[in-house]
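Reviewing the structure listed below.
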Amino acid sequence: MHCFLSKYTIFAPKNYNDFDMEERNKTLGEFIIEKQEEFKYSSGELSRIINSIRLAAKVVNYKVNKAGLVDIIGAAGEQNIQGEDQQKLDVYANEVFIQNLINREIVCGIASEENDDFITVQGSDNGHNNKYVVLMDPLDGSSNIDVNVSVGTIFSVYRRVTPIGTPVKSEDFLQPGVNQVAAGYVIYGTSTMIVYTTGHGVNGFTLNPAIGTFYLSHPNMTFKKDGHIYSINEGNYTHFPQGVKDYIKYCQTDEEDRPYTSRYIGSLVSDIHRNMIKGGIYIYPTSAKAPKGKLRLLYECNPMAFIAEQAGGKASDGMNRIMEIEPTELHQRVPFFCGSYNMVEKAEEFMMKAKLSKY
Ligand code: AHG
Ligand code: MN
Ligand code: MN
């Protein structure tokens, strides 16, 4: 149907004008200040950490968006402690997040997927007077950079367990996920978002790149109880445990609301983000190639599990709740099942059935 606009036509800007949306919505900065009042005994340190991550995210976002124009694509020529090739952007993002946290003197320690060991942070007074440690995967899905596909950053914050004033020790980092005080991710996608939780639900903020401000665009994000997407690298099928094979067959069976749709980006942040919005399950199981799984408990699984649970979803290693696992080493890997509650529960049922049928 053709539509002619006369000179008397009045547009309805409410639906179309994105400034409206931004005026209506809080900025991340305003949100942080508002929420700080909820933590009665907070000294503002946690808010400053989120603030510093917000700033680092903008810097990394700027670089990610220039990939192809500046010399940031490709391998850096080094491997990290886990024997994985580091991309130039892995190294860059790592530096930006670490420097931002160190310069602001707001944490006493940092552990990163890209560093062999944790970093002890000393204040300009030579003290160790901050109470939080940050763990992070500075660039997740970095093999996607060269092909222009979404990547992310994941972070996780804990209160230290050793006394304030002393240098941090490994036990400050090797805490179970249930001890997290905040966790979140940045997604550098068609738009750039920060999604995070401090244990009071999950909120998402979208960057307006023109003015460099994050706006609350996704308040109270939740996982649908049941979803229709399963995300797993099926190329490894023959190496999967029997329970995972059986669950995949279940997803593909033409019954009730199935078959489900298969979607796999190969960037945990992007896969989980999509599944949280649409409803789905992400699985990275053990396999002959990765006998302990591939994803890292402290940098990837715990923060994503905290977000998933806060959004009404579920995260497990196929048998046990991810956030209750007692970590034994910094770069520990675990199998990961994360997403819509009923889907993860169903996958666990298959894992259990397969385990019992072995005996
Ligand atoms: P990273 O880039 O931080 O090493 O993480 C990559 C991870 C994760 O983001 C993704 O889901 C998974 O590796 C993909 O692995 P496969 O290529 O083996 O499927
Ligand atoms: Mn990763
Ligand atoms: Mn990474």
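Counting starts at 1 for both ligands and their atoms, in listed order. Keep in mind that the numbers below use all heavy atoms, side chains included, and drop hydrogens, waters and symmetry copies.
Taking 2.8 Å as the limit, the number of protein N, O or S atoms around the Mn ion (ligand 2) is 3.
Near ligand 1, heavy-atom contacts under 4.0 Å come from Glu113, Asp137, Leu139, Asp140, Gly141, Ser142, Asn233, Tyr264, Gly266, Ser267, Leu268, Tyr282, Tyr284, Lys294, Leu295, Arg296, Glu300.
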Just list the side-chain donor-acceptor pairs under 3.5 Å for residues 240-248, sequence neighbours left out, or say none.
| residue | atom | partner | partner atom | Å |
| --- | --- | --- | --- | --- |
| Gln242 | NE2 | Asp246 | OD1 | 2.8 |
| Lys245 | NZ | Thr238 | O | 3.4 |

Could you give the side-chain donor-acceptor pairs of residues 169-178 under 3.5 Å, partners two or more places apart or in another chain?
| residue | atom | partner | partner atom | Å |
| --- | --- | --- | --- | --- |
| Asp172 | OD1 | Val161 | N | 2.7 |
| Asp172 | OD1 | Thr162 | N | 2.9 |
| Asp172 | OD1 | Thr162 | OG1 | 3.0 |
| Asp172 | OD2 | Thr162 | OG1 | 2.7 |
| Asp172 | OD2 | Lys169 | N | 2.8 |
| Gln175 | OE1 | Asn179 | ND2 | 2.9 |
| Gln175 | NE2 | Arg159 | O | 2.8 |
| Gln175 | NE2 | Asp172 | O | 2.9 |

**Item:** Step-by-step side chain to side chain contact (heavy atoms under 4.5 Å, CB included) determination, Tyr196 to Val202
**Value:** CA-CA 6 Å; Tyr196 79 98; Val202 179; over 6 Å; no
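His331 and Tyr299 have their aromatic ring centers within a separation under 6.0 angstrom.
Remark: Lys63 qualifies as a cation-pi partner of Tyr92 under the 6.0 Å distance and 45° angle criteria applied to the six-membered ring.
The pair Lys346-Glu349 meets the salt-bridge criterion, with a side-chain N (NZ, NE, NH1 or NH2) lying under 4.0 Å from an Asp/Glu carboxylate O. Taking the charged nitrogens against the carboxylate oxygens, Glu345 and Lys314 have no contact shorter than 4.0 Å, which rules out a salt bridge.
Glu45 places a side-chain N or O within donor-acceptor distance of the main-chain N or O of Lys131, the cut-off being under 3.5 Å. Using a distance-only test at 3.5 Å, with no hydrogens or angles considered, no donor-acceptor pair links the side chain of Ser340 to the main chain of Asn342.
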